[in-house]
Every structure is written in structure tokens, then in C-alpha cells.
2 protein chains.
Amino acid sequence: MKIGDVAEKSGVPAKTIRYYEEIGLILPAKRSDNGYRRYTEDDTQTLHFISRARGLGFSVEDCSNLLALYQDRERSSADVKAIALSNIGRIQHKIRELRAMEKTLSDLADRCHGDARPDCPILEDLSEFH
Amino acid sequence: MKIGDVAEKSGVPAKTIRYYEEIGLILPAKRSDNGYRRYTEDDTQTLHFISRARGLGFSVEDCSNLLALYQDRERSSADVKAIALSNIGRIQHKIRELRAMEKTLSDLADRCHGDARPDCPILEDLSEFH
DNA sequence: CCTTGACCTTCTAGTTACTGGAAGCTACAT
DNA sequence: ATGTAGCTTCCAGTAACTAGAAGGTCAAGG
């Protein structure tokens, strides 16, 4: 398989696959005589794994760890769970932050009449010290 | 006032103030004879405004627009509200995404016994095609 | 007067995770 | 022979800073 094929199958763009190779997240692909990268079904699996983990908010470094754990038949599920839990914590924290932002902004927008008049509670709030 | 003073008063680090000047978000500060940047209370206000807007999730470019609107005595509150609303939309979208991630990860973590045994629903899920 | 320490200056480079584009080679169909 | 699609490498840009190096400035203390 060439890079375009594995890109389509795994859902990871060719550019991104080359990038993952460059940063060492995946092993350098073997090359054909013409210099093209060659891939197998296993590579498709690996890239899909990465794609799904990234979609769940794991960092590239997390992916590297998860991949190592995935390939280690001896690893304990506790190791994996620890990474997942710390990620859940970060996600929850981010959600709380965003909710606070949203609430403040919504309150301000509600109080702003939003017409041609220049007075605006949003700007007034931003310019005040709290 | 020197950069360190205005940094402390506004809550924006000195490094960041220089950066804001470099990218044109704020006007270049006047210099003292020794080459140090000099600031006034107005600058403190402006930096505080930016800091608060950034804290509410506005991009630096948003800040640039908000600042222009803030300094325009003729502007309508509708212009400001439009920026705020589009920001609220982006924040809500991000919250929905993060909640979906969190739910999937929590479900997986719940099903993972998290002990020394190697079988792990988290990795199994990541490696499956959906 | 000299030193110490806290600031200040500029410049370069690193962070995260890609993405776009240019220049040039290869493969295959018409 | 030619077109075009896909492959290669390398360089640069994105957002918004942040760290660090090398060196100038200033006030206080001995």
C-alpha cells in the first residue's frame, strides 16, 4: 500500500502520517524501489488507533505511551487507566473553565441591547478592574 | 512606569507585553533615555482590558477589534455583541465536543478494572474500527 | 569606588500538532 | 508523447506565548 491508500483507510492525512514518522510516533516506513513509502494492514490499524485516541483528546505523547502499552502483552490495565483518568481530569477542568467563560459572556450579551447606541455593558465590563 | 510595574498592575507578564507590542496589538511604548519602555495608567487599563478579554476566550485578533471598538465613541453596541455572540457559539461548540470525549472516556475507564491484568477495554476500543 | 542584585534591552528558538506550498520525480492512461 | 495524479523533500506558517542567553542600567551597601 502507498501512503495515499493507508491515509484513506485510516483517516489520517498523508501529510500527517509523514509528520508522525518524522517525530517518531510511528516507525519509519519501508520504501519501494521508487522511494515511495510502503504500508501494511498493521500500519492502518496503528494509524487508526492513533486517530481515535487523538479524537478522544489524548496528546501525541499520550498516544506514544498508549501505543507502547498496546504493544506490550505484559502491561497492566491499570497503566492504561491512569492515562485515561488523567485525561478525563484535564477535560473536566477545561469544561469547567469554558462553562465559566460562557456564563460570563452570556450574562454580558444579555445585558447588551445590541443596537445602534454606543453604550455597551460588554466593553464596560472588560474595562473594569475586578 | 517601567514594564515590570505595568506588568504587575495589569496582570500581563512583561514578556507578553513586549510580544503584544511586537505583533501590533498595542502601540509601541515611548522610551526613556536609557531605552526602557515607559507606561502610563492608561496603558495599565488597556492591558487589563486585553487580559480580561483573553481570559474570556477572545482571540488576540478579537481583542484587537474589541479595543478598536472600545476606543470608538461612535460604534454601536451591536458590533460588540456580534463578536461576543460568535465567541459564545465557539465556546458552546467546544464544550459539547469535550463532553462527548469525557463521556466516552469515562465509560471506557469504568469498564476497565484497572489492576495488574493485561486485558483492557480502553485499548480494545481504541484499536477497533467504528 | 566597587560589587551585587534586580531590572531592563534584543535576539533566537522552542512549544503543539499539524497544514500549505514549491520543486521535482514516478506511474499510468490516452 | 502528454496529461494528471500521486509521490518525494524541504521550507514556512499557524496561535500565543515562553525560556534563555548576552549584555546594558540603576540603586543600595560595604
Side-chain angles (χ1 to χ4, degrees), chain A residues 1-26 28-39 43 46-67 83 86-87 90-91 94 97-98 101, chain B residues 1-26 28-39 43 46-47 49-67 83 86-87 90-91 93-94 97-98 101:
Chain A
M1 262 196 299
K2 288 184 292 183
I3 198 166
D5 305 322
V6 77
E8 194 174 353
K9 282 197 190 185
S10 67
V12 180
K15 278 260 184 201
T16 307
I17 296 172
R18 292 193 197 99
Y19 168 73
Y20 284 162
E21 181 180 308
E22 187 189 325
I23 62 171
L25 177 59
I26 56 177
K30 305 255 190 301
R31 302 300 181 107
S32 305
D33 289 346
N34 57 17
Y36 289 12
R37 287 171 179 81
R38 272 185 305 112
Y39 295 94
D43 297 320
T46 301
L47 285 165
H48 173 79
F49 180 102
I50 293 168
S51 169
R52 175 125 177 90
R54 295 281 303 119
L56 286 175
F58 289 101
S59 70
V60 166
E61 199 187 333
D62 282 340
C63 289
S64 191
N65 294 326
L66 287 171
L67 226 38
I83 296 178
S86 102
N87 226 41
R90 275 195 294 121
I91 290 170
K94 192 74 197 164
E97 280 183 346
L98 288 173
M101 281 182 199
Chain B
M1 263 195 298
K2 288 185 291 183
I3 198 166
D5 305 322
V6 76
E8 194 176 352
K9 282 196 189 184
S10 68
V12 180
K15 283 255 184 205
T16 307
I17 297 173
R18 293 192 197 100
Y19 168 72
Y20 285 162
E21 181 181 307
E22 187 189 326
I23 63 170
L25 176 58
I26 55 177
K30 304 256 190 300
R31 301 301 182 108
S32 303
D33 289 346
N34 57 16
Y36 289 11
R37 288 172 179 81
R38 272 184 306 112
Y39 295 93
D43 296 320
T46 301
L47 285 165
F49 180 101
I50 292 168
S51 169
R52 173 123 177 92
R54 294 282 302 120
L56 285 175
F58 289 101
S59 70
V60 167
E61 198 187 333
D62 283 339
C63 289
S64 191
N65 295 325
L66 287 171
L67 227 37
I83 296 178
S86 100
N87 226 42
R90 274 194 291 119
I91 290 170
H93 180 70
K94 193 74 197 164
E97 280 183 346
L98 288 174
M101 282 182 198

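Since the structure is predicted, the reported quantities are computational estimates derived from the model, not experimental observations. Every heavy atom of this structure was used, including side-chain atoms; hydrogens, water molecules and symmetry mates were not.
Remark: A:R31 CZ to A:R37 CZ distance equals 4.0 Å, nearest 0.5 Å. Considering OH of B:Y20 and CG of B:L47, their distance stands at 8.5 Å, rounded to 0.5 Å. Considering CD1 of A:I50 and CZ of A:R54, their distance stands at 10.0 Å, rounded to 0.5 Å. Between the CD1 atom of A:I17 and the CG atom of A:L25 there is a distance of 11.0 Å, given to the nearest 0.5 Å. Note that the CG atom of A:L66 and the CD atom of A:E61 stand 11.0 Å from one another [nearest 0.5 Å].
With sequence neighbours left out, A:D43 forms a salt bridge (charged side-chain N to carboxylate O under 4.0 Å, His left out) with no residue at all.
Per the geometry, CD belonging to B:E61 stands 17 Å off C1' belonging to D:dC17, to the nearest Å. Counting to the nearest Å, the C1' atom of D:dC7 and the CD1 atom of A:I3 are 9 Å from each other. Atom CZ in A:R37 sits about 14 Å away from atom C1' in C:dC25, given to the nearest Å. What separates CG of B:D33 from C1' of D:dC26 is a distance of 14 Å, to the nearest Å. The CZ atom of A:R90 sits 12 Å away from the P atom of C:dT16 (whole-angstrom rounding). What separates CD of A:E8 from C1' of D:dG6 is a distance of 13 Å, to the nearest Å. Atom CG in B:L56 sits about 17 Å away from atom C1' in D:dA16, given to the nearest Å.
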> Yes or no on side-chain contact (heavy atoms from CB on, under 4.5 Å) for A:F58 and A:N65, after CA distance, side-chain angles and deciding distance?
Replying inline: CA-CA 10 Å; A:F58 289 101; A:N65 294 326; over 6 Å; no
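One axis for each end of the helix from C:dC1-D:dG30 to C:dT30-D:dA1, each built from five base pairs, and the angle between them comes to 30° at 10° resolution.
Place A:Y39 and B:K2 on DNA chain D by their nearest nucleotides, and A:Y39 ends up nearer the 5' end. Annotation: of the two residues near DNA chain C, A:Y36 and B:D5, the 5′-most nearest-nucleotide partner is B:D5.
Within 4.0 Å (heavy atoms only), A:R38 reaches no atom of the nucleic acid at all.
Of the residues in residues 9-25 of chain B, B:K15, B:T16, B:Y19, B:Y20 come within less than 4.0 Å of DNA chain D through at least one heavy atom, sorted by number.
The shortest side-chain heavy-atom distance between B:D5 and B:Y39 does not fall under the 4.5 Å cut-off.
The listed nucleotides are D:dC7, D:dA16, D:dT25; the one nearest the side chain of B:S59 is D:dA16.
With respect to B:E97 and B:K94, a salt bridge is recorded, a charged nitrogen being found less than 4.0 Å from a carboxylate O.
Residue B:N34 has no polar side-chain atom (N or O) positioned under 4.0 Å from OP1 or OP2 of C:dC8.
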